[in-house]
> 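Pasting a structure here, questions to come.
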Amino acid sequence: MLETKFNPQDAEQRLYKMWEESGAFKPRAAKPGDTKDDNFSIVIPPPNVTGSLHMGHAVNNTIQDILVRYNRMRGKAVLWQPGTDHAGIATQMVVERRLAAEGKARKDMTREEFLEHVWAWKAESGGNINQQLRRLGSSCDWSREKFTLGNPEDPSDKMAEAVTKAFVEMYEAGLIYRDKRLVNWDPHFQTAISDLEVENIEKDGHFWHFKYPLEGGETYTYVEKDEDGNITLSEERDYISIATTRPETMLGDGAVAVHPDDERYKSIVGKMVRLPLANRLIPIITDEYPDMDFGSGAVKITGAHDFNDYEVAKRNDIPMYSLMDERGAMCESEIMPAKYIGMDRFKARKAVVADIDAEGFLIKVEDKKIMQPYGDRSGVVIEPMLTDQWFVAADKLASDAMEAVARGHNNVPLPKEKGNKFKGSTRFIPENWKKTYDHWMKDIQPWCISRQLWWGHRIPAYFIPEVLDDGSLSYESIDLTIVVAENDAAAKAKAQNFYSERGFDKRVKILVDLQECEALENYDAANEVGIYRDPDVLDTWFSSGLWPFSTLGWPASTEELERFYPTSVLVTAFDIIFFWVARMMMQGLHFQGEVPFKDVYIHALVLDEAGKKMSKSIGNTLDPLDLIDGVTIDELVAKRTRGLKNPEKAPKIEKMTRKQYPDGFEAYGADALRFTLASMAGQGRNIRLSVDRIAGYRNFGTKLWSAANFGQMNSCVPAAFDPAAAKLALNKWIISETAKTTKEVTRCIESYRFNDAADAAYKFVWDTFCNWYLEMSKPVLSGADGAEKDETRAAFAWTLDQILKLLHPFMPFITEELWNNIAESREDMLIISQWPDLSDSLMDEAASKDIEWVQTLITNLRSVRADMNIPPSKKAPLLVLADTLDPRLTTYADVLSPMARVDSVKLTDLVPKGALQTVVDGVTYAIPLDGLIDKGAETARLTKEADKAQAEIDKIDKKLSNPAFTDKAPEKVVNLQKERRAAYVAELEKLNEALANLG
RNA sequence: GGGCGGUUAGCUCAGCUGGUAGAGCAUCUCGUUUACACCGAGAGGGUCAGCGGUUCGAACCCGUUACCGCCCACCA
């Protein structure tokens with residue numbers, strides 16, 4: 001006998017431990033006949049190592065686990081590769097914040113000291129998210145867990161080596177280079193960031209118009225014309241008018257540019273203007289870039305602080321002056337007026353405007369909406385800065401990455417001979433994300449991969465410093481970069497060739513391994529020997545891009561790499577298509593010559609119930625663990641308001657939370673949460689998580705549990721059973737329905753339609769199995785012993801077993817618990833049992849027709865009784881207006897009795913006055929309840945039914961009388977309409993009779 | 001400016017290949033018949049955003065408008 005309910009808190013951790021200890025999460029051993037298709041692999045999108053589980057992780061991992069458990073049950077060798085990401089900026093930020101709370105700053109410590117703090121923080125919090133993923137039921141192979149920075153304690157861990165090798169090889173292939181370019185600089189973190197880490201936000205700003213006076217008191221006639229060429233303004237000017245949203249950058253102007261066709265300025269092109277405040281002469285030049293119709297048509301060119309200006313300056317050989325230091329303060333340089341040095345850029349802006357105004361060069365200030373770039377992590381305004389950085393020539397990798405997702409019709413991979421040079425290709429699901437991916441790939445920009453941080457893969461590049469005249473060392477020189485990772489002669493020779501071919505300086509020394517590099521880090525100036533390692537680290541996404549193969553052991557050639565690359569599917573949300581999916585594609589193709597995954601399933605983002613993105617600062621986050629384990633409203637409020645950036649928001653958040661969830665959450669368990677996420681993982685763009693719905697699916701689990709309990713009470717014990725040999729129509733029918741549902745659930749999982757799979761299983765369990773089969777089996781199960789009872793017990797148990805299997809990927813815990821509790825013993829745990837593979841021959845049309853007929857009769861009888869408010873306690877005979885009694889009425893008399901409140905079945909040739917009547921398959925059934933029914937109401941009910949039938953008939957007649965329809969529509973459709981019409985006509989006839997009988 | 005998506009029951013959303021508009025929650029009525037009240041039975045509720053087109057037939061295909069959301073780029 002089972003407990004009355006499933007207790008997730010008691011069972012989940014016990015079951016998880018049982019699975020994990022049994023080795024069920026590890027891929028099964030390779031079998032002799034295995035092909036690639038017998039392997040199934042997923043690499044987890046590595047969560048931030050020090051992060052904690054949020055709803056995005058929950059939906060992402062639920063979907064992966066469904067696929068993993070399903071494929072495991074199909075008998076495949078399944079690897080779900082787990083691990084975490086070091087998350088450079090995010091983690092360094094957290095650790096710096098924690099240090100700040102202790103009054104310590106990164107700058108006060110050495111790199112080594114700081115990194116010790118980060119590793120300590122990783123040790124403290126790093127296991128957190130993996131424990132949480134376990135609570136969700138994720139069946140990853142934890143024995144293979146990886147970390148993007150590698151494990152310094154484990155010499156066999158190749159994660160760090162993979163990054164070095166990737167960097168070196170790409171460098172040698174000309175795919176990585178070092179350059180002085182304008183990059184996005186984050187003044188808060190004091191590092192370069194990539195384009196993708198910049199968020200453009202529209203803000204209220206100003207548009208300042210300045211006069212730049214012509215040198216030597218020169219003047220010109222400034223003429224403006226309207227569209228028809230009429231002169232609207234003509235005046236003598238001794239200045240050119242420019243406008244800017246960033247006045248402080250004018251200190252670094254190198255020129256003023258006008259369009260070559262701009263008539264207004266033709267006479268002064270080539271002349272010099274004296275830059276106010278800076279008191280420098282800069283030329284007026286022409287370039288295609290200025291838009292004649294915008295502003296004054298003249299643009300100040302600040303090459304070192306604006307991406308467009310940078311291009312103009314490069315084209316025209318205009319000097320670029322860097323104005324700011326790494327914190328965004330105006331820095332000392334030959335062109336910087338003393339008064340601004342050290343001034344923050346925003347203070348400098350005000351000062352410059354005031355000073356220009358004071359000199360009489362301010363024309364006007366307009367209000368203007370401007371798009372301003374912000375660092376996505378720091379939230380501060382990004383400053384374009386001219387710095388030395390490492391770049392990946394992404395454009396060279398993009399064409400292959402685009403080709404790999406280019407698909408023929410119906411997603412059929414392009415045959416190799418038709419120009420697809422890769423083995424296999426990648427399909428996006430839903431397909432439309434391919435467009436997003438292509439669009440970005442097409443316009444791809446160089447990818448800045450160096451970060452001025454400490455936490456990350458330090459760039460494996462060594463510089464030989466120059467000795468300056470005063471004897472000090474300069475590390476600026478970049479032409480002596482040497483990177484070699486492997487201790488083998490062939491690589492050494494290759495590297496040597498590479499450098500000599502390019503005519504590098506003879507001081508170049510080839511270093512064959514990192515240890516040798518490290519040994520030489522002290523520069524010996526006297527002998528010009530020594531090196532200096534680039535202090536920067538790589539963008540986190542550089543190592544994430546290697547994840548699908550680095551986790552499998554690359555650069556070593558491992559069995560796992562052979563078996564599980566390319567991976568079967570990548571499951572992720574659309575917000576990291578560019579960051580991650582695209583980079584994995586480029587790096588996977590480059591290093592493996594194969595796509596990293598066959599399918600990319602893009603799932604929705606989880607939003608709150610109001611459709612807002614969950615965010616800690618809004619206070620609308622839901623912690624998956626709270627929904628699994630339950631939380632009181634006070635705890636929930638405390639969680640949401642703790643550590644807010646703006647503590648003044650706390651009362652608002654508290655009020656909102658208490659209103660939304662006055663009672664907090666019950667412990668719904670992981671299964672309910674998973675089922676909810678699966679059923680909402682439609683192919684739309686977002687999921688609004690509804691707590692009511694989670695409660696609903698918790699109820700579903702209880703329903704299943706209770707049905708199993710019923711089976712126990714009636715000795716429905718799993719045993720050897722051949723579904724094809726069933727005799728009773730009821731059993732044939734449920735077997736048939738099981739086969740149909742299995743087919744549907746399988747099809748839906750295979751095509752990533754998780755919501756449809758979940759719905760199909762849900763409906764089958766609740767409606768078909770519990771509400772119909774279970775009720776209809778009661779007379780047999782509680783009746784006399786014999787073959788029918790035995791068969792029904794076995795069929796019940798068999799069906800329940802199939803249900804547990806179908807539901808297991810979605811609700812692993814409750815199904816595993818039932819699997820083990822309802823049987824004396826099982827050969828295998830459910831997690832490694834065989835997925836049902838039921839023959840179509842089990843689908844029995846005749847049995848289904850009979851049972852459906854009984855169901856219709858019961859439903860109609862219930863409906864008419866309910867309409868007339870007849871209490872269920874009031875049983876009545878069923879009168880059949882026919883010549884002979886349908887044998888099914890006898891067969892199912894025991895079912896009709898409790899379910900339709902029928903106490904006997906009799907033939908009649910006359911419906912008594914005041915009886916309820918209903919029509920099924922053209923036969924009228926009556927329930928004599930004279931005195932209990934309201935004749936008027938019954939007339940109204942029958943009339944309504946008759947009207948409905950008439951309306952349908954009219955609709956069909958309209959179609960059938962249209963020759964265009966009968967001629968052009970397929971015969972099947974026309975016949976269907978004819979059949980429907982006949983059925984309605986028969987029903988209408990009987991309804992009219994029934995009305996007549998009422999009198 | 002370019003692109004992608006959305007608009008279906010009170011709410012949240014399904015609706016695959018064009019062929020009788022669906023689910024959950026909520027609402028209303030009845031009910032404790034020995035699996036389950038985290039339950040059962042029944043009911044009500046829709047101009048599928050608007051307009052136009054294709055088609056025998058459109059929630060679905062095409063065009064267009066409106067509103068909402070997201071992504072990318074950007075005029076200094």
> NA contact type, A:Leu774, heavy-atom cut-off 4.0 Å: base, sugar-phosphate, or nothing?
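If one applies the 4.0 Å heavy-atom cut-off, A:Leu774 turns out to touch a base.
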> Write down the distance separating the C1' atoms in B:A21 and B:A9, rounded off to the nearest Å.
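Per the computed distance, 10 Å lies between those C1' atoms.
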> Would you kindly check whether a donor in the side chain of A:Arg698 faces an acceptor in the base of B:C38, or vice versa, at under 3.5 angstrom?
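Such a pair is found, so the answer is yes.
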> Hey, is the side chain of A:Ser863 poking within less than 4.0 Å of OP1 or OP2 on B:A43, counting only N and O atoms?
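For B:A43, OP1/OP2 do have a side-chain N/O of A:Ser863 under 4.0 Å.
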> Base, sugar-phosphate alone, or nothing: which one does A:Gly297 contact when heavy atoms must sit under 4.0 Å apart?
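Base, at least one base heavy atom under 4.0 Å.
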> Should A:Asn699 be listed as having a side-chain N or O under 4.0 Å from OP1 or OP2 of B:C36?
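No, A:Asn699 has no side-chain N/O under 4.0 Å of OP1/OP2 on B:C36.
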> Mind checking if A:Arg980 touches a base, just sugar-phosphate, or nothing, with heavy atoms under 4.0 Å?
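Touches a base.
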> For nucleotides B:U47 and B:C4, find the distance between their C1' atoms and express it as a whole number of Å.
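It comes out at 29 Å once rounded to the nearest Å.
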> Any side-chain donor-acceptor pair under 3.5 Å between A:Glu744 and A:Thr741?
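The answer is no; no qualifying pair exists.
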> Return the value, rounded to whole Å, for the distance between atom CG of A:Asp306 and atom P of B:C74.
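The distance from CG of A:Asp306 to P of B:C74 comes to 10 Å, rounded to the nearest Å.
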> Considering every strand and a 4.0 Å limit on heavy-atom distances, what is the contact class for A:Lys368: base, sugar-phosphate, or nothing?
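Answer is sugar-phosphate: A:Lys368 comes under 4.0 Å of backbone atoms only.
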> Rounding to the closest angstrom, what is the interatomic distance between B:U17 and B:C61 at atom C1'?
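Rounded to whole Å, the distance is 12 Å.
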> Are A:Phe796 and A:Phe769 close enough, and set up right, to give a ring pair (Phe, Tyr, Trp, His ring centres under 6.0 Å), and what steps lead you there?
CA-CA 9 Å; A:Phe796 185 105; A:Phe769 185 66; 5.0 Å; yes
> Could you state the atom-to-atom distance from CH2 of A:Trp440 to P of B:C72 in whole Å?
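Rounding to the nearest Å, CH2 of A:Trp440 and P of B:C72 are 11 Å apart.
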> With respect to the side chain of A:Phe207, which nucleotide from B:C56, B:A76, B:A35 is positioned closest?
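Side chain of A:Phe207 sits closest to B:A76.
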> Tell me the interatomic distance from A:Ile694, atom CD1, to B:C13, atom C1', rounded to whole angstroms.
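Rounded to the whole Å, the gap is 15 Å.
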> Please state whether the base of B:C36 and the side chain of A:Lys703 form at least one donor-acceptor pair under 3.5 Å?
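Such a pair exists between side chain and base.
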> If you measure from OH on A:Tyr668 to CG on A:Asn699, what distance do you get to the nearest 0.5 Å?
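So the gap between those two atoms works out to 9.0 Å.
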> Given B:C56, B:C16, B:U34, identify the nucleotide with an atom nearest to the side chain of A:Met713.
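Output: B:U34.
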> Of the nucleotides B:U33, B:A35, B:C30, which has the atom closest to the A:Ala707 side chain?
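Closest nucleotide to the A:Ala707 side chain: B:A35.
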> At 4.0 Å (heavy atoms only), tell me whether A:Asp692 reaches a base, stays on the sugar-phosphate, or touches nothing.
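Contact class for A:Asp692: sugar-phosphate only.
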> Expressed as a whole number of Å, how far does the P atom of B:G40 sit from that of B:G45?
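My reading of the P atoms in B:G40 and B:G45 gives 23 Å.
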> Rounding to an integer number of angstrom, what distance separates B:G10 and B:C71 when you compare their C1' atoms?
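Taking atom C1' in both B:G10 and B:C71, they lie 33 Å apart.
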> Mind checking if A:Asp309 touches a base, just sugar-phosphate, or nothing, with heavy atoms under 4.0 Å?
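No contact.
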> Tell me what A:Lys978 touches on the nucleic acid: a base, only sugar-phosphate, or nothing, going by heavy atoms under 4.0 Å.
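It contacts nothing in the nucleic acid.
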> Establish, with yes or no, whether the OP1 or OP2 oxygen of B:C11 is under 4.0 angstrom from a side-chain nitrogen or oxygen of A:Arg688.
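Checking A:Arg688 against B:C11: no side-chain N or O falls below 4.0 Å of OP1 or OP2.
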> Can you give the dot-bracket line for RNA chain B, where a pair is Watson-Crick or G-U wobble with both atom distances under 3.5 Å, crossing pairs use [ ], and | marks a partner on another strand?
(((((((..((((.....[..)))).(((((.......))))).....(((((..]....))))))))))))....
> For atom P, what is the distance between B:G57 and B:C74, given to the nearest Å?
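49 Å, rounded to whole Å.
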> Is the phosphate of B:G44 approached by A:Lys944 (side-chain N or O, under 4.0 Å from OP1 or OP2)?
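For A:Lys944, the contact criterion (side-chain N or O under 4.0 Å from OP1 or OP2 of B:G44) is met.
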> Might you point out which heavy atoms bring A:Val198 and A:Pro373 nearest each other, and give the distance in Å?
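Closest pair (atom of A:Val198, atom of A:Pro373, distance): CG1-CB, 3.5 Å.
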> Kindly indicate whether a cation-pi arrangement holds for A:Lys368 with A:Phe207, taking the cut-offs as under 6.0 Å to the six-membered ring centre and within 45° of the axis.
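The answer is yes, since A:Lys368 meets both limits relative to A:Phe207.
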> Side chain of A:Pro970, heavy atoms from C-beta onward: which of B:A35, B:C56, B:C72 has the nearest atom to it?
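Nearest listed nucleotide: B:C56.
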> To the nearest angstrom, how far is A:Arg941 atom CZ from B:U29 atom P?
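Rounded to the whole Å, the gap is 21 Å.
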> If the P atom of B:U65 is compared with that of B:G3, how far apart are they to the nearest Å?
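After rounding to an integer number of Å, I get 13 Å for this pair.
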> Angle class for the A:Tyr752/A:Tyr601 ring planes (parallel below 30°, perpendicular above 60°, tilted otherwise)?
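Correct class here is parallel.
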> Anything under 30° is parallel, anything over 60° is perpendicular, the rest tilted; go ahead and classify A:Phe700 against A:Tyr697.
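It falls in the perpendicular class, over 60°.
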> Out of B:G19, B:C74, B:U20, which has the shortest distance to the side chain of A:Phe965?
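Minimum distance to the A:Phe965 side chain belongs to B:G19.
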> How would you label the contact of A:Tyr289 with the nucleic acid (heavy atoms, under 4.0 Å): base, sugar-phosphate, or nothing?
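Base, at least one base atom sits under 4.0 Å.
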> Indicate, with a heavy-atom threshold strictly under 4.0 Å, whether A:Thr859 touches base, sugar-phosphate, or nothing.
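Counting heavy atoms under 4.0 Å across all strands, the contact made by A:Thr859 is with sugar-phosphate only.
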> How would you label the contact of A:Pro963 with the nucleic acid (heavy atoms, under 4.0 Å): base, sugar-phosphate, or nothing?
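No contact.
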> Identify whether any heavy atom of A:Ser690 sits under 4.0 Å from a base atom; if not, whether one sits that close to sugar-phosphate; answer base, sugar-phosphate or nothing.
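Nothing, no heavy atom under 4.0 Å.
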> Specify the separation, in whole Å, of atom CG of A:Asn975 and atom P of B:C56.
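Rounded to whole Å, this separation is 19 Å.
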> Pick the C1' atom in B:U7 and in B:A14, then give their distance to the nearest Å.
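15 Å, rounded to whole Å.
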> Give A:Arg747 one of three labels, base, sugar-phosphate or nothing, depending on what nucleic acid heavy atoms sit under 4.0 Å from its own.
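Counting heavy atoms under 4.0 Å across all strands, the contact made by A:Arg747 includes a base.
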> Return no unless some side-chain N or O of A:Asn755 is found under 4.0 Å from OP1 or OP2 of B:C13.
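Indeed not, no polar side-chain atom of A:Asn755 lies that close.
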> Looking at A:Lys778, does any N or O in its side chain come under 4.0 Å of the phosphate oxygens OP1/OP2 on B:A35?
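For B:A35, OP1/OP2 do have a side-chain N/O of A:Lys778 under 4.0 Å.
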> Looking at every strand, decide which applies to A:Glu775 at a 4.0 Å heavy-atom threshold: base, sugar-phosphate, or nothing.
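Answer is base: heavy atoms of A:Glu775 come under 4.0 Å of a base.
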> Which of these nucleotides, B:G24, B:U34, B:A76, is closest to any side-chain atom of A:Tyr762?
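Nearest nucleotide to the side chain: B:G24.
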> Looking for any heavy atom pair under 4.0 Å, which part of the strands does A:Trp208 touch: base, sugar-phosphate only, or nothing?
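Answer is nothing: A:Trp208 stays at 4.0 Å or more from every strand.
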> Examine B:C72: is either OP1 or OP2 under 4.0 Å from a nitrogen or oxygen in the side chain of A:Asn200? Give yes or no.
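It does not, given that no N or O in the side chain of A:Asn200 lies less than 4.0 Å from OP1 or OP2 of B:C72.
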> Can you say whether the rings of A:Tyr437 and A:Phe428 are parallel (under 30°), tilted (30 to 60°) or perpendicular (over 60°)?
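The arrangement is tilted - the two ring planes meet at 30° to 60°.
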> Whole Å only: how far is the OH atom of A:Tyr212 from the P atom of B:A76?
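So the two atoms are 15 Å apart, to the nearest Å.
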> Could you state the atom-to-atom distance from CD1 of A:Ile318 to C1' of B:A76 in whole Å?
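After rounding, the gap between these two atoms is 16 Å.
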> What is the distance, rounded to the nearest whole Å, between atom CG of A:Asn860 and atom C1' of B:G42?
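Result: 12 Å.
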> If we check salt bridge (charged side-chain N to carboxylate O under 4.0 Å, His left out) with A:Glu952, which of these qualifies: A:Arg980, A:Lys959, A:Arg981?
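One option only clears the test, and that one is A:Arg980.
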